[in-house]
Amino acid sequence: MVELELTLLGVIVSLFYSLILDGLERKIRAKIQSRKGPPITQTLYDVIKLFRKELLIPSTAPSMFMFAPIVSFSMIIIAYLILPYGFPNPMGFYGDLILLVYLIVASTILLLYGGSSSGNPYAEIGCSREISLLMANELIIALVIATIAIRYHALSLNTVLASLTISPSSILIVLTLLLYIYIESARLPFDIGEAEPEIASGYLIEYSGPLLGLTIYTHILKRTLLYLFTSVVILGLVDNIIQLSDIISRFVTILLFVTLLSILYSIISNICGRFRVRHAVNAVRAIIPLPVLALILSFLGL
Amino acid sequence: MIMELLSSITFFTSTLIRTFLTQNIMWPTFLFTLGILLSLPFKREKCNFILSLFSLISCILIIYLSLRVLLTGKILYFEYVIYRGSIYSRIFPFSKVSLIMDQLSAYFTLILGIVGFASSLYSFHYMTRFYGRLSLRLFSFLYLMFLMSMYLVLISNDVLLFIVFWELTTVSSMLLVAYERESEVARRASIKYFVLANAGAICIIMGLGILVLLTNATSFTEIGQKIDIISENKLLYYTVAMLLTIGFSVKAAQVPLHSWLPDAHPEAPCNVSALLSGVMIKLAIYGLYRIIFTVLQPDIYWGLALAVLGMTTLTFGTMMALIQTDSKKLLAYHSVGQMGYIVLALGTGVHLLAQSSIEARTLGCIALIASLYHTLNHAIFKGLLFLTAGSVLYRTNSRNLNLLGGLARAMPITFITALIASLSISGIPPFNGFVSKWTIYVSTLSTLHPLLTLGAVLAIFISAVTTASFVKYITSIFLSQPRIEVKDVSESPWSMGASMIMLSLLCILLGVYPLAPLSIISSVVGYVSYINPECIMSSIILYPSIVLLKPGVGITTSMSITITALLLLILTLTTLLAFSFIYKPMRITATWFCGVLARNVKYTAKSYYTEFEQSYRLMYSLRKVLYEKIVNPLMRAYPTVTRRYDKIQWEYAFSFILALYALSIILMLLFIRVMLGW
Amino acid sequence: MTVNNDILKIFGDYVIKAITIDNIDYIEVSKDKLKETIEYLTKEYNLHYITSIGVDDRPLTRTLRVYHVFSRVVEDKFIVIGCSTDPHYPHVDSITPVVPAANWAEREIRDLLGIKFRGHPNLERLVLPDDWPEDIHPLRKDVPYNLRSVVEVKVTYPLKRPREHTVLPVGPYHPLLHEPEYFELYVDGEKVVDVEYRGFHVHRGIEKLGESRLTYNQVPFVAERICGICGFTHSTCYCQAVEKAMKIHVPERAEYIRSILLELERMHSHLLWIGVACHLLGFDTGFMHSWRIREHIMRLCERLTGNRKTYGLNLIGGVRRDINKDGVKKAINVLKMVKEELKRFIECLLSLKEVKARLEGTGILPKNDAWKLGAVGPTLRASGIKYDVRANHPYAAYKEASFSIPVYTEGDNLARLLIRIDETLESISIIEQLLDKIPKGDILAKDIEVHEGKIGLSMTEAPRGENIHFVITGKDNILYRWKVRAPTYANLPVLKVMLKECPLSDAPITIASIDPCFSCTDRVIVIDIKNGVMRVTSFKRLLRCKI
Amino acid sequence: MKRIKILLMAKKAGIVTEPYPYKPVEPPEGFRGKPYIDPDKCVGCGSCASVCPPNAIQVVDLIDKGYRRIELFIGRCIFCGRCSEICPEDAIELTKEFELASKSQNDMYQVVLLKMVKCKICGRYFTTQRNIEKLLKELPKDLWDTILVCPECKEKSTAYTGSYAKR
């Protein structure tokens with residue numbers, strides 16, 4: 001059962017690496033805005049500072065206001081447990097692709113429940129916007145899962161990693177995944193859920209101190225989780241080209257893909273403005289033909 | 001003449017009592033009738049107490065009976081011959097009455113028992129709101145009649161009995177919907193429901209009539225044995241199948257015929273509407289199972305047709321639910337949506353079981369397991385949701401989501417149970433909704449069939465829509481700032497609380513440890529699909545890793561959902577503890593309105609998903625087309641007529657239905673004569 | 001003279017005085033004929049309402065006087081129509097039904113001087129804080145300037161609240177605009193249905209200060225601090241008003257220096273706004289780059305005047321510091337570099353489709369609404385009305401420079417953005433022209449003597465619109481009356497029209513599109529109110545203006 | 001894609017952050033920083049106090065101790081430089097110093113104490129000694145006796161001696 005220890009190692013490494021990743025993204029944003037920018041470990045300092053701050057609870061908020069972020073944080077941690085870090089994960093099972101998607105949806109929803117439980121109208125507006133995006137986005141990931149299931153008869157991440165081959169539908173899958181990841185991680189054109197100038201940071205408005213630190217950390221973890229998921233799929237494709245045998249090099253290539261993705265997304269998100277809610281939902285709807293084409297191709301066996 | 005009549009009646013009742021007392025299958029019905037008789041003489045409080053008490057005991061009995069059948073596998077059978085060889089048998093073929101509780105009906109009676117138990121426990125205090133306004137006697141009569149007829153439908157093996165009790169259910173539920181007589185909307189909804197339900201009943205009667213007359217047998221099991229006459233004549237097979245599917249899909253609220261449900265359920269009292277959407281629409285599923293598996297054998301195209309029907313229902317039902325602003329109407333539309341899930345899984349199962357290869361049949365069994373398990377789950381969390389809506393109605397007397405708000409602190413139990421129910425209906429992992437939805441996706445996606453994959457895609461998308469609408473539901477009732485004064489609202493009485501807690505515990509239990517219910521369900525499926533349950537169970541021994549007997553997929557060790565749930569609990573506790581160490585004492589502050597004390601700042605439910613609705617106008621416009629062109633003209637035909645004769649609309653409805661009955665019987669006879677040249 | 005004898009002809013017996021001082025036609029009418037005269041005038045001549053001024057004339061003529069100031073669009077002329085009322089029964093006919101733009105000005109006079117206006121639609125309190133006692137009117141001569149009011153009960157200003165819509169408080173402390181103002185957006189779904197404004201949280205009583213403690217030459221330094229960004233226009237406008245009242249001849253070179261610095265200030269104010277607009281639209285990179293370009297100008301001003309923003313140059317009669325040779329050279333190449341970098345930045349900004357999509361078609365201000373409600377500056381010119389003080393009523397050295405006035409007709413947020421961009425580029429060309437035409441000579445008029453009772457009115461084109469200073473000179477070196485009307489004061493009522501039916505996510509950019517500077521609009525000291533709910537500190541929150 | 005131009009613009013502009021707190025910054029030469037009263041030049045005439053817009057400079061005569069106290073409070077000062085223009089002795093100069101934040105209160109104040117001179121007739125202190133020396137240097141000899149008399153006594157004396165009326 002050596003893989004079990006390695007998976008746990010992979011989880012711990014990616015938990016800390018996600019903070020460094022966010023620091024890296026801040027550095028890139030600073031470079032694009034031609035300023036020096038904070039050090040790479042700035043996000044780590046922020047989170048630690050927030051954990052030491054005092055906790056403010058709105059008087060009308062039920063106790064769910066405190067528990068929702070905690071449970072949504074643990075949902076994300078579980079999603080990390082079933083991810084294959086380059087080698088078949090012993091915790092994975094047939095159909096855990098769907099469980100992964102549901103864990104991501106569950107953690108966002110619980111965060112929104114927590115946010116709107118503060119009773120602040122800004123939080124509710126942010127929550128309703130975030131969910132409209134989530135709904136529109138869900139159709140895309142549903143199509144992607146269907147394509148993977150049809151083309152590679154694989155509903156578990158381990159088999160996805162093992163059985164992916166280079167084919168038109170798999171390339172389309174990767175493309176759609178890249179777009180899905182961009183939207184799901186609420187990058188700039190799509191960060192209507194917590195648009196700072198419009199609705200005063202949406203559903204995070206009432207959070208302070210440790211809870212705010214935890215929500216920010218959950219958000220960063222979710223982003224890294226999505227990067228990991230895509231780089232697992234990409235690694236599945238790359239396996240057909242170059243055979244990477246030992247486990248450490250595969251894990252390092254995954255981290256490499258994750259960093260590349262994060263740099264690419266950070267650059268893109270810094271050179272565009274924010275969508276109106278209607279624009280965001282229409283833009284997500286405009287992406288739908290891509291995975292539908294992938295699904296049709298996979299039916300034809302391509 | 002009269003003496004003869006009297007003697008036959010006394011003879012008839014004495015035999016009736018002697019035979020029925022001995023059979024334990026009949027005890028619940030006996031208790032129901034006793035309840036009705038006892039509650040008639042009494043008034044308000046006592047009548048309500050008796051009504052709830054008797055329905056409580058009978059529901060416990062039903063649960064006991066069904067569990068005994070399910071666990072021991074011993075089928076309860078009771079047959080009673082009314083009269084042998086007497087002059088009437090020539091004209092009237094139904095000579096004997098046979099009731100059977102096999103695994104399939106036991107499963108559905110279990111659902112009836114659970115939801116019936118919860119709603120009767122609930123009605124101890126809930127009915128106090130109707131004291132003085134409406135007569136409790138009428139309610140107890142209808143309520144117990146409704147429960148009894150549902151129970152009898154599930155256990156009747158005889159076709160005539162099935163139809164009679166089916167009609168009885170419709171009549172009693174229609175009257176319950178119209179229980180609050182003074183509201184015009186309730187009366188109109190009940191008539192609409194009555195007409196539509198009877199239109200469906202007519203199709204069922206025609207289908208069953210054809211079966212009975214052709215095979216000359218009166219009980220389902222016998223028709224099942226002599227089915228080869230029907231099955232080799234493909235046209236006859238498909239007409240019967242189509243007739244029965246339409247008949248049952250009216251009661252199962254499938255899309256083109258679902259319009260009665262969103263009008264009828266909100267008007268009924270909450271404990272009845274919990275029963276309505278928890279159990280009554282499941283009878284239609286039971287009917288479909290009985291017809292497909294015991295009578296006509298499953299067929300590939302029939303399965304696909306059902307799957308497509310399920311797909312459209314789940315899409316339109318839930319999309320409509322997204323934009324509702326009345327709490328019970330929203331829940332009713334969700335019942336339509338969730339029934340779509342069940343029929344989709346059923347269709348997949350039927351489609352697969354009709355094939356020959358062993359893998360397909362195993363996968364078919366898993367699909368059936370998914371559909372049955374989702375029926376149970378849906379009954380539980382939908383019943384719970386209606387009960388919570390009722391408890392909110394009980395305290396604030398309002399269903400309008402735009403005005404409610406801020407009840408989380410005032411009604412903690414209702415809030416937590418409603419939260420658990422809405423989390424489980426939206427399929428959040430540790431709860432039961434996730435397990436059944438997950439199985440539906442796995443089974444539909446593994447079939448590699450284009451239509452079923454489309455069904456799976458729509459199902460995953462729609463589950464996000466369900467989540468969205470329940471976030472709106474919970475936020476606008478419990479979490480946001482109240483617009484109307486909710487100062488003096490306190491928690492609802494203990495009996496309502498107890499029933500809600502019971503159902504929510506069930507939700508969690510079925511989600512965290514699914515192995516127990518699934519073994520029961522796999523025995524039911526085994527009974528239904530004639531594949532020995534062990535082989536099915538082997539595929540889901542280490543649930544949910546489904547070992548497909550497909551070469552190449554390989555056997556992967558499994559991490560069952562239970563382990564996921566446990567992990568989740570452990571993680572939450574650890575983070576909770578970590579929290580309690582490091583952060584300083586909390587400080588309670590006013591909600592932040594940018595430095596100003598603002599009033600009525602509630603973000604109304606109406607304004608929640610306007611953007612999403614605009615962007616997906618296509619789906620909503622289809623509904624408008626569907627309504628304007630097909631359903632509304634039909635609906636408009638009868639109200640314009642009835643509005644003019646308001647007082648005699650009951651007579652008109654009855655005459656309309658009697659005419660339909662006569663017409664259907666003549667048509668059926670004509671059809672058989674033509675088809676088989678009698 | 002034409003307007004005066006026109007009035008004399010019609011309202012002969014009611015006219016008390018009708019004289020013209022260089023380009024101001026001053027008419028005094030009796031109290032009950034005020035409304036008719038204004039009604040007649042606005043019908044006959046194409047007048048642009050500027051402001052109304054209340055003066056406590058009790059020491060001189062034992063009356064309270066009200067002046068309404070209009071400007072002629074066709075030619076460089078002002079019309080001041082005034083009337084007086086006795087202090088014990090201060091009632092005057094309100095002109096808001098005729099001139100809607102006068103709504104706020106009359107409410108301010110009611111607050112500060114206690115003159116009641118009959119026929120005014122909603123004569124509620126505008127300027128003073130909610131719990132200021134009802135009877136004390138700060139601008140009256142008998143009220144000391146450092147009065148601390150005794151606080152009794154906390155009265156919340158009753159904003160009209162429609163029931164069914166969600167109320168969204170864009171409150172005093174909101175990340176949207178870094179100044180204390182209070183908008184209440186009534187939201188239906190993602191659409192703003194109505195807006196209520198309750199501002200004046202930082203009203204600092206500068207006018208009262210100017211009349212009581214400051215001497216003539218100390219007032220420019222206070223005038224400069226009315227607004228955190230457009231300080232220099234205020235001090236220039238004040239000095240020009242006094243110079244007009246005293247008929248002081250300002251040396252040519254001083255006028256050139258004033259115009260050059262006015263244009264520099266317009267550039268850095270517009271660049272600041274473009275940055276804030278990018279931030280509100282989510283394009284933070286645009287924010288950083290536009291402020292990077294702005295930094296060059298701030299550095300240039302620091303070199304020329306010794307301070308980045310409060311130049312402190314203006315005195316009555318001229319300027320205190322000269323621009324030497326290398327200062328001019330330095331300015332020219334800085335401007336060249338800024339022009340080229342700005343062109344590249346604007347090209348990038350307008351290439352973003354989603355930013356443009358959000359600006360087009362939102363916050364539309366129709367042309368007649370703009371004119372009727374008295375919008376000023378870029379907000380007015382974006383709705384298709386060509387009215388710029390630098391062209392219509394030229395002052396300082398604008399006569400020598402030739403420049404074009406950008407006008408757009410759509411009246412939406414995009415038009416307002418494009419206008420400000422064109423104006424910045426236009427300013428660069430103005431400065432270059434003035435720099436190479438700057439004459440020699442001294443920079444400050446010598447031996448100024450100031451006598452009492454003169455009236456001075458001057459208008460300058462601030463980056464946000466026209467701003468007016470009205471001055472009545474008093475004895476022993478202290479002003480008698482000093483009225484400041486900042487541009488945002490005129491633009492705020494227009495917001496109600498622009499915000500109707502605009503999507504919620506574009507409400508911030510629409511509110512910011514008039515480039516509100518609330519520190520200009522508010523001018524009373526907010527006393528430390530100890531009422532437990534909200535502690536309003538007295539010093540001004542200049543987060544944005546502290547450069 | 002025109003958006004790439006944004007990246008090019010950023011690259012061309014390079015990093016513009018100034019390392020200010022870590023490396024000192026030299027303000028331009030015309031910069032108006034903190035005013036500094038030169039104690040040995042100041043004669044205590046008080047003209048700067050009258051012209052200062054925010055009343056940052058206060059001139060107080062401590063009659064009992066015989067000192068005139070000129071106090072410059074940096075907190076109120078707006079660095080406009082009017083005082084340095086008005087001062088006849090050019091005693092006040094605007095330095096280039098702009099880092100004025102400090103923990104202790106008295107860093108905010110600059111106080112200059114000037115010895116005062118008693119009036120010959122009534123014996124009260126009325127002006128600073130340095131002012132007297134300056135007047136002695138400038139005025140012709142015959143007016144010297146009038147210098148050491150305080151304004152009030154001078155008025156009283158002119159009322160009946162009339163000695164100045166002729167001039």
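So you know, we letter chains A, B, ... as the sequences are listed, proteins then strands, and number each from 1.
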Chain A contact via C:R292 - side chain, backbone, both or neither, heavy atoms under 4.5 Å: side chain

Atom group of C:S290 that falls short of 4.5 Å from chain A, counting heavy atoms: neither

[X] side chain vs [Y] backbone, donor-acceptor pair below 3.5 Å:
{"X": "C:R416", "Y": "C:I514", "answer": "no"}
{"X": "C:H289", "Y": "A:I32", "answer": "yes"}
{"X": "A:S262", "Y": "A:V258", "answer": "no"}

side-chain hydrogen bond (donor to acceptor under 3.5 Å, both in side chains) between C:S269 and C:R464, intermediate numbers included: CA-CA 9 Å; C:S269 158; C:R464 284 156 194 71; 3.3 Å; yes

Given a strict heavy-atom distance threshold of 4.5 Å, which part of A:R35 is in contact with chain C: side chain, backbone, both, or neither? side chain

